[in-house]
Amino acid sequence: MKKNFKKTEIGEIPEGWTHASLCEVCNPENGIQTGPFGSQLHMHDYVQEGTPIITVEHLGENRILRQNLPLVSDMDRERLSKYSLRNGDIVFSRVGSVDLRALVREEESGWLFSGRCLRVRPNPDIIDPEFLSWFFGLPAFKEYIRRIAVGATMPSLNTKLLSDVSVFFPGLKKQKAIARILGDLDEKIENNNRMNKTLEAMGQALFK
């Protein structure tokens, strides 16, 4: 084991980082919440124009994927306001690929999340949401989440399991510095991916 690191259930963590359960660093009122039950939202409720609702299929690598988003009416948005997202929330897959998660950004604020997802709402006075989302992306953490999920054929998470998960973090200033560096790198990767897709489309057009 490396010097100044300690061994934990999710791998080696720097000495001096604070250890807490996830529920301790989240909003005390609705920090970890399951999406609406199936009886609250059906496919026939989807409309052509309205508020997007995020499902498991829209959880990319720390980003919300915007293709083929189902939409709900303004009336359903108000009815399901309990499941509204805001900037800094983190959406987890509740079933299947339980290691998937995505950070909600300002442009997705006000969207909803489905019953196949769990919403984590960090307390920004304790932990930086972007830092926490990158922490969730650690390979050792993903392996840990897969290990504690219940169900052999269809792994699943619940609010209790997720609430008790251990998280480790430095002070807020260092959290924000780490998140800023990783965010800048992620943005460069995303820009490169967009450029590659554009060049590929141009190449296909020229070929045709």
Considering all heavy atoms, the nearest E9-R147 contact: O-NH2, 3.4 Å
For residues F169 and D128, determine if any side-chain heavy atom of one lies less than 4.5 Å from a side-chain heavy atom of the other. no
Backbone N or O of I10 within a donor-acceptor pair of the T8 side chain at under 3.5 Å? yes
For E107 and R66, run side-chain contact (heavy atoms from CB on, under 4.5 Å): C-alpha distance rounded to whole Å, both residues' side-chain angles, the deciding distance at 0.1 Å, then the answer. CA-CA 11 Å; E107 54 267 32; R66 296 171 169 239; 2.7 Å; yes
Start with the C-alpha distance between C26 and V120, add both sets of side-chain angles, then the distance that settles side-chain contact (heavy atoms from CB on, under 4.5 Å), and finish with yes or no. CA-CA 7 Å; C26 286; V120 173; 3.7 Å; yes
Interatomic distance, I13 atom CD1 to K6 atom NZ [nearest 0.5 angstrom]: 8.0 Å
Over 60° means perpendicular and under 30° means parallel, so classify the ring planes of F113 and Y83, tilted if in between. perpendicular
Evaluate the side-chain proximity of I145 to L162: yes if any heavy-atom separation is below 4.5 Å, no if none is. yes
Any salt bridge between R121 and E29, counting N to O under 4.0 Å? no
Tell me whether E12 contacts the main-chain N or O of F5 through its side chain, where contact means a donor paired with an acceptor under 3.5 Å. no
Quick check on the hydrophobic clustering: are L132 and L59 connected, directly or via other members, by side-chain heavy-atom contacts under 4.5 Å? no
Within one Ile-Leu-Val-Met-Phe-Trp-Tyr cluster: L85 and L22, side-chain cutoff 4.5 Å: no
As a quick check of understanding, evaluate side-chain contact (heavy atoms from CB on, under 4.5 Å) for L138 and Y144, giving each step before the final call. CA-CA 10 Å; L138 290 172; Y144 175 68; over 6 Å; no
Quick check for you: to the nearest 0.5 Å, what is the distance between Q175 atom CD and W17 atom CH2? 8.0 Å
Exercise: identify the closest heavy-atom pair between P122 and G88: CD-O, 3.4 Å
Gap between atom OG of S73 and atom CD of E78 - 0.5 Å precision: 10.0 Å
Looking at R180 and D184, is there a salt bridge between them, counting it only when a charged N and a carboxylate O are closer than 4.0 Å? no
Heavy-atom side-chain proximity of T34 to T159 below 4.5 angstrom: yes
For V72, is there any backbone N or O sitting under 3.5 Å from a side-chain donor or acceptor partner on R77? no
Just so I know, are the side chains of C117 and V56 near enough to count as touching, which here means a heavy-atom distance under 4.5 Å? yes
Using 30° and 60° as the class boundaries, would you call the ring planes of F136 and F141 parallel, tilted or perpendicular? tilted
Please report the shortest heavy-atom distance between A102 and I64, naming the atom on each side. CB-CD1, 3.6 Å
Reported CD1-to-CZ distance for the pair I54 and R119, which is rounded to 0.5 angstrom: 11.0 Å
According to a hydrophobic-cluster definition based on side-chain heavy atoms being under 4.5 Å apart (Ile, Leu, Val, Met, Phe, Trp, Tyr only), do L80 and L69 belong together? yes
Indicate the atoms forming the closest heavy-atom contact of V25 with I126, along with that distance. CG1-CG2, 3.8 Å
Between R116 (side chain only) and G35 (backbone N and O only), is there a donor and an acceptor less than 3.5 Å apart? no
Show the nearest heavy-atom pair for residues P155 and A149, with the distance to one decimal. CB-CB, 3.9 Å
d(E24 CD, N123 CG) to nearest 0.5 Å is 12.0 Å
Output yes when a side-chain donor or acceptor of S109 lies under 3.5 Å from a complementary backbone atom of E106, and no otherwise. no
Are any of the side-chain heavy atoms of I148 and V165 separated by less than 4.5 Å? yes
For F135 and F131, take the angle between the two ring planes, folded into 0 to 90°, and tell me which bin it lands in: parallel under 30, tilted 30 to 60, perpendicular over 60. parallel
Donor-acceptor pair, side chain of R101 and main chain of S133, under 3.5 angstrom: yes
Report yes if the side chains of T55 and P70 come closer than 4.5 Å at any heavy-atom pair, otherwise no. yes
Would V47 and W111 show up in the same hydrophobic cluster when neighbours are defined by side-chain heavy atoms closer than 4.5 Å? no
List the steps, then state whether side-chain contact (heavy atoms from CB on, under 4.5 Å) holds for D76 with T51. CA-CA 9 Å; D76 280 334; T51 299; over 6 Å; no
Just so I know, are the side chains of R63 and R105 near enough to count as touching, which here means a heavy-atom distance under 4.5 Å? yes
Within one Ile-Leu-Val-Met-Phe-Trp-Tyr cluster: L182 and F168, side-chain cutoff 4.5 Å: yes
Rounded distance (nearest 0.5 Å) linking atom CG of N158 with atom CZ of R94: 8.5 Å
Can you find a heavy atom in the side chain of L71 that is under 4.5 Å from one in the side chain of P52? yes
Closest heavy-atom contact between S156 and L161? O-CD1, 4.1 Å
